[in-house]
2 protein chains.
Amino acid sequence: MTEKDLRERIKEVAVEHFDTNGYHGTTIRNIAKDVNCSLPMIYYYYKNKKELFDEIIKKEFFNLLKKQASLLKTDNIIDFYTKFIFDLNSLSNYDKKVYRLGIKVYLSFEGDEELMKLMDEWEKSILPRHREILKPHLKNVNNEKAIVRTLVHLLETMIENIVVKNRYLPEDEIREEISIVLKS
Amino acid sequence: MTEKDLRERIKEVAVEHFDTNGYHGTTIRNIAKDVNCSLPMIYYYYKNKKELFDEIIKKEFFNLLKKQASLLKTDNIIDFYTKFIFDLNSLSNYDKKVYRLGIKVYLSFEGDEELMKLMDEWEKSILPRHREILKPHLKNVNNEKAIVRTLVHLLETMIENIVVKNRYLPEDEIREEISIVLKS
DNA sequence: CTACAATACTAACGAACGTTAAGTAAAGGA
DNA sequence: TCCTTTACTTAACGTTCGTTAGTATTGTAG
């Protein structure tokens, strides 16, 4: 029965349900059924539905973001960003669903104010971080700020395509688009 | 009491609720309360909850898209796209919420398979349409396809920023980003 | 004035929800 | 051997949900 830690299994199934049916569309009963455990076991490991959801965003999603943000970068900036996006294609299904859920909260389609505040803080860190990465490569351009902004916007859509819409983006298409922005 | 058509008022309040709380988080009772009518009146004008939601997407959202897509275009392509995006800032609150709901369905965060299919069809029409618009302006470039794709991706993020995240995007920032892609 | 449709309401249905009370089974240290 | 802790169960609580049956009110055409 306890092939895997039950607490973990509950979370995995919960990700599935929250992703497919949304917070309000997800029921503890259905999670318990899929986990093949009794209903109160969910409450044994998690205080309530909201805490289960929060743990997924706060731990799973932000861990994913941090792991992704700490990727080593190559000296070729276009290679770096291409790889950064392309690797999302091979994220595990679980990670993709966690990511998807996170974006849902990021777009304020779900979650409460507390989670939204976490997202806002994260968002504020995005532009400066990429500006730092791109700084050495954008020395002799006058519209550096706009280029960074455009690139970040472009990255966002590509992430959404892969993670949210579950599309496969080929490496050369990613490279083409990034090049268009960075070689302007 | 009947200052405005009740059927219409129900739909307006429904947009508000679906937008804020999602499909499953929205209750007919709360809609009725905000409309200040009795609960069964909702069922008098709409078959059920799903039909109310569907009408918002099928009629309101797609009308909005069509209206937007039929905008007259200027001879300057950068002006055209800048205006196209910038004008979203001054969409009415109701239209913004309808748009937001539509994007939610577009990203398959909500709605059933039928609605998703409508979205897929719409999505397929996007690239060819912009390719047609851009064709005369991208004659002597070899990566025309990639540029169109990049532009559409960029437009998507800007739309999301304005409509979904409810940010104000200044005209010059929009113009800068579009120029970066189109002048490459 | 009357009859009949359209519009509105009160009240309630059964089902499903989040959550918890209360108890059992197993395990491990004293 | 007893006792405490951990892991788990059945059963039920009260609430709210979508939906509808049944009835009253209103507007209007004859």
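Naming: A, B, ... by sequence-line order, numbering from 1 per chain. Fair warning: this is a prediction, and the values are worked out from it, not measured in the lab.
- Spacing between atom NE2 of B/H17 and atom P of D/dG18 amounts to 12 Å, rounded to whole angstrom units.
- The CD-C1' distance, from B/E51 to D/dG18, rounds to 14 Å in whole Å.
- OP1 and OP2 of C/dC9 both lie 4.0 Å or more from every side-chain N or O belonging to B/Y44.
- Nucleic acid contact class of A/Y46 (heavy atoms, under 4.0 Å, all strands): none.
- Regarding B/F53, its CZ atom lies at a distance of 14 Å from the P atom of D/dG18, rounded to whole Å.
- Between A/I56 and A/V98, the shortest heavy-atom distance links the atoms O-CG1, 4.4 Å.
- B/E55 is linked by a salt bridge (charged side-chain N to carboxylate O under 4.0 Å, His left out) to B/R7, B/K11, B/K59, counting only residues two or more places apart in sequence or in another chain.
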What string of B, S and - do you get for nucleotides 12-21 of chain C, 5' to 3', if B is base contact, S is sugar-phosphate-only contact and - is no contact with any protein heavy atom under 4.0 Å? B----BBBB-
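- The six-membered or imidazole ring of B/F18 lies away from that of B/H24, with a centre-to-centre distance of 6.0 Å or more.
- Here the C1' atom of nucleotide D/dC17 and the CD1 atom of B/I31 are 13 Å apart, to the nearest Å.
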Test B/D112 against B/K50 for salt bridge (charged side-chain N to carboxylate O under 4.0 Å, His left out), laying out the working first. CA-CA 10 Å; B/D112 56 359; B/K50 182 173 160 9; 2.8 Å; yes
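- Regarding B/M41, its CE atom lies at a distance of 17 Å from the C1' atom of D/dG18, rounded to whole Å.
- For B/N166, there are no side-chain hydrogen bond (donor to acceptor under 3.5 Å, both in side chains) partners at least two apart in sequence or on another chain.
- In this structure, B/Y23 has its ring center at least 6.0 angstrom away from the ring center of B/H17.
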